[in-house]
Amino acid sequence: MTAELHSRRTVLSTGAAVAGAAVGAVALTACGSSDDPKSGTAQAPIAAGTPLVALSDVPVGQAKAAKAPDGSDVIVARTSESAVAAFSAVCTHQGCAVAPKGADLVCPCHGSVFNALTGEVKQGPAKKPLPPVSVKVENGKVVTG
């Protein structure tokens, strides 16, 4: 009887440990990671010539958030008096929308910071840069390229 009781306890305690480990693994994966397939995915291209913002609304060396006609969030940066760059505003870590703050783009969800002029990661947890959006300047407006 003692051997049977000992075996039953072993099975029950082992089963509880395995169940606890499985719950812990599920909790960890629920937070996602920078390798999450939905994070950092490219958005559909925006039709060329679509106006995003007036060039004069973007200070040199800074960026401005804009909304494309398809509803996607983009960041337009003015790299010089006459040159611009644009990026998806979707953080490559977990998909939150980044916001311009001076020469940085800051993710309010987990604190990632990107260079506003290049889209490169300055501070994680994001590991991938923001995807570029093709733009050009036409008639004083920044339009998709």
Side-chain angles (χ1 to χ4, degrees), residues 6-145:
H6 185 268
S7 293
R8 182 179 295 163
R9 284 184 185 160
T10 303
V11 168
L12 289 175
S13 63
T14 303
V18 169
V23 168
V26 169
L28 287 175
T29 57
C31 289
S33 74
S34 59
D35 296 328
D36 190 341
K38 68 181 174 192
S39 62
T41 56
Q43 55 192 41
I46 303 166
T50 303
L52 297 174
V53 65
L55 182 62
S56 61
D57 288 345
V58 184
V60 174
Q62 294 188 21
K64 182 173 178 82
K67 182 93 55 191
D70 68 355
S72 61
D73 293 316
V74 296
I75 299 293
V76 177
R78 193 165 179 185
T79 57
S80 72
E81 194 62 41
S82 59
V84 293
F87 311 96
S88 166
V90 179
C91 180
T92 56
H93 174 241
Q94 292 277 321
C96 297
V98 298
K101 187 173 185 179
D104 294 331
L105 303 172
V106 179
C107 179
C109 295
H110 299 105
S112 291
V113 179
F114 300 85
N115 180 307
L117 305 181
T118 66
E120 292 296 317
V121 177
K122 290 176 76 174
Q123 174 185 311
K127 293 182 173 128
K128 297 176 187 173
L130 296 172
V133 173
S134 178
V135 292
K136 59 187 174 183
V137 178
E138 279 184 359
N139 301 321
K141 293 188 188 275
V142 179
V143 301
T144 54

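These numbers were taken from a predicted model, which means no experiment stands behind them.
In this structure Glu138 satisfies the salt bridge (Lys or Arg N to Asp or Glu O under 4.0 Å) test together with Lys136, sequence neighbours excluded. Under the side-chain contact (heavy atoms from CB on, under 4.5 Å) criterion, Ala83 pairs with Thr79, Ser80, not counting sequence neighbours.
Here the options are Thr50, Val143, Val74, Leu52, the test is side-chain contact (heavy atoms from CB on, under 4.5 Å), and the partner is Val135; only Leu52 passes.
Legend: ring pair (Phe, Tyr, Trp, His ring centres under 6.0 Å) pairs involving residues 55-83, not counting sequence neighbours: none detected. Every pair tested for ring pair (Phe, Tyr, Trp, His ring centres under 6.0 Å) that includes a residue from residues 57-76 fails, sequence neighbours excluded, so the list is empty.
Judged by distance alone, the side chain of Thr144 and the main-chain N or O of Gly49 form a donor-acceptor pair under 3.5 Å.
Nearest heavy atom pair, residue Val121 against residue Pro129, reads CG2-N, 4.0 Å.
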With a 3.5 Å cut-off and sequence neighbours excluded, list the donor-acceptor pairs that the side chains of residues 54-68 form with protein atoms.
residue	atom	partner	partner atom	Å
Lys67	NZ	Asp73	OD1	2.7

Taking only distance into account, with no hydrogens and no angle test, what donor-acceptor pairs under 3.5 Å do side-chain atoms of residues 100-115 form with protein atoms, sequence neighbours excluded?
residue	atom	partner	partner atom	Å
Asp104	OD1	Lys122	NZ	2.5
His110	ND1	His93	ND1	3.4
Ser112	OG	Ala126	N	2.9
Asn115	OD1	Leu117	N	2.7
Asn115	OD1	Thr118	N	3.1

